[in-house]
Amino acid sequence: MLASGACERIGEGDSTFTFKTKDVNQRLTLAILNHRTAISLVLGTLLAHQDDAPIDAIGHRIVHGGSYFKDSCVVDDTVIRKIEEIAPLAPLHNYAAASVIESCREVLPQVPSVVCFDTSFHSTIPEVAYRYPLPDDLCESLQLRKYGFHGISHRYVAMTCDQLTEGRCHRLISCHLGNGSSISAIKDGVCVDTTMGFTPLDGLMMGTRCGSIDPAAVTYIIENTDYNAHDIDMIMNKKSGLLAVSGLTNDIRDLIDASEHGDRRSQLALDMFGYDTRKYIGMMWAVMGGVDTLAFTAGAGQNSPDIRRLALAGMEGLGFKIDETLNAQHRDEPWRISADDSEVEIYVIPAGEEYMIALDVKRLLGGD
Ligand code: AMP
């Protein structure tokens, strides 16, 4: 990694731009009005610091590839049109992503772009798992089905587990536990099920997302309150999950701290998160008829021994046994945390989405 950075709180008065290289560590607070302004700031800064490493290609992470994109691909006009066409499925993300790609093409017209989709890795999920049991006409006209997300992260986990186990990894459960969380079942490198669905709201309870609840609760809320569909969408995405149950925060670090100081609601939030995680791990075990490898990744998965312990508590019967000395470690590289007599090999894998995107760019464009 030569340089890293981020534009955050785009569209708000107090946006931030951070940029880091081995010589530079800068953090600016300024108004970044939209994604076009953000990307010109990023490209301008990168070009000013490119020295002897010019920009040969650009990789973009795109949340939704709909039914079109089963793999990453090189950007052309048709690709941009399709990303925009799918945008109603992920309005907050895909329109912004399309505008970023177009800005890159304007500023650096000779530099090719590659798009990598969070949904692509899940396009192998069979119909029995992706189909919603709703009427055909609704499913077809609205493209309603399970798509799955965090696919770039799960694919990186699958690739890394294959290398770490030297090919012994045939039935893998990948646990991406961060502010957004999802768990995937991966058979011989191919995804067969995942917990997120039509949107990234489904599955596990998350930092501010409720995860899977009885769908009838939504219509019941609409019928019995003044909330409209938009309000409920906002509540389920931004005001639920760990934040709602604890009444305190969505940050797992702070929840662990508060529960250690006796905060009952924070303890309940953590217990519920652990319960949900175990439940979905069990589900993926059933989906594949057994498991030989399990891996944790993302903020909480890769940094928190407590969360990993909670996720596998009482699961020895299914073959999961953590070595607590290994679990207590923190490393920047992947490492094994399963006990020697654990039937399932258990790993921690620091998230590698950017690396995965870089590999795709290289695969699709060739060169070094
Ligand atoms: P991510 O979405 O992958 O960036 O993960 C962010 C989340 O990971 C934060 O909101 C925290 O809840 C959690 N997290 C990060 N570091 C730790 C840690 N050391 N212990 C527990 N949770 C952590």
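These numbers come from the heavy atoms of this one structure, side chains and all, not from hydrogens, waters or symmetry mates. Predicted model only: the values in this text are computed from it and were never measured. Counting starts at 1 for both ligands and their atoms, following the listed order. FYI, the numbering just counts along the sequence from 1.
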Check the pair V291, L172 against side-chain contact (heavy atoms from CB on, under 4.5 Å), reporting the backbone distance first and the verdict last. CA-CA 6 Å; V291 172; L172 164 70; over 6 Å; no
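- Of all atoms in ligand 1, listed by their number and element, those nearer than 4.0 Å to a heavy atom of G178 are 1 (P), 2 (O), 3 (O), 5 (O).
- Interface of N179 with ligand 1, defined as ligand atoms under 4.0 Å from a residue heavy atom, comprises 1 (P), 2 (O), 5 (O), 6 (C), 7 (C).
- A salt bridge between D136 and R131 is present, with a side-chain N of the basic residue lying under 4.0 Å from a carboxylate O of the acidic one.
- At the top of the distance list for atom 5 (O) of ligand 1, counting protein heavy atoms only, stands G299 CA, 3.3 Å.
- Geometrically, ligand 1 and I252 share a nitrogen or oxygen pair separated by less than 3.5 Å.
- Here E354 does not pair with R61 in a salt bridge; the nearest charged N to carboxylate O distance is not below 4.0 Å.
- In summary, the atoms of ligand 1 found under 4.0 Å from a heavy atom of S304, numbered by their order in the structure, are 20 (N), 21 (C).
- Using a 4.0 angstrom heavy-atom cutoff, D251 counts as in contact with ligand 1.
- Evaluation of the ring-ring contact (aromatic ring centres under 6.0 Å, His included) rule for F19 yields H49 as partners, not counting sequence neighbours.
- In terms of protein heavy-atom proximity, atom 13 (C) of ligand 1 is closest to A300 N, 3.7 Å.
- Checking each of D193, T195, T119, D202 against K146 for a side-chain hydrogen bond (donor to acceptor under 3.5 Å, both in side chains) leaves exactly one that passes, namely D193.
- In this structure, atom 19 (N) of ligand 1 has protein heavy atoms in its sub-4.0 angstrom surroundings.
- Under a cutoff of 6.0 Å and an axis angle of 45°, R145 and Y130 form a cation-pi pair.
- Interface of A298 with ligand 1, defined as ligand atoms under 4.0 Å from a residue heavy atom, comprises 3 (O).
- Counting only heavy atoms of the protein, atom 9 (C) of ligand 1 lies nearest to R253 NH2, 3.8 Å.
- The aromatic rings of F198 and Y147 lie tilted to each other, with the angle between the two planes from 30° to 60°.
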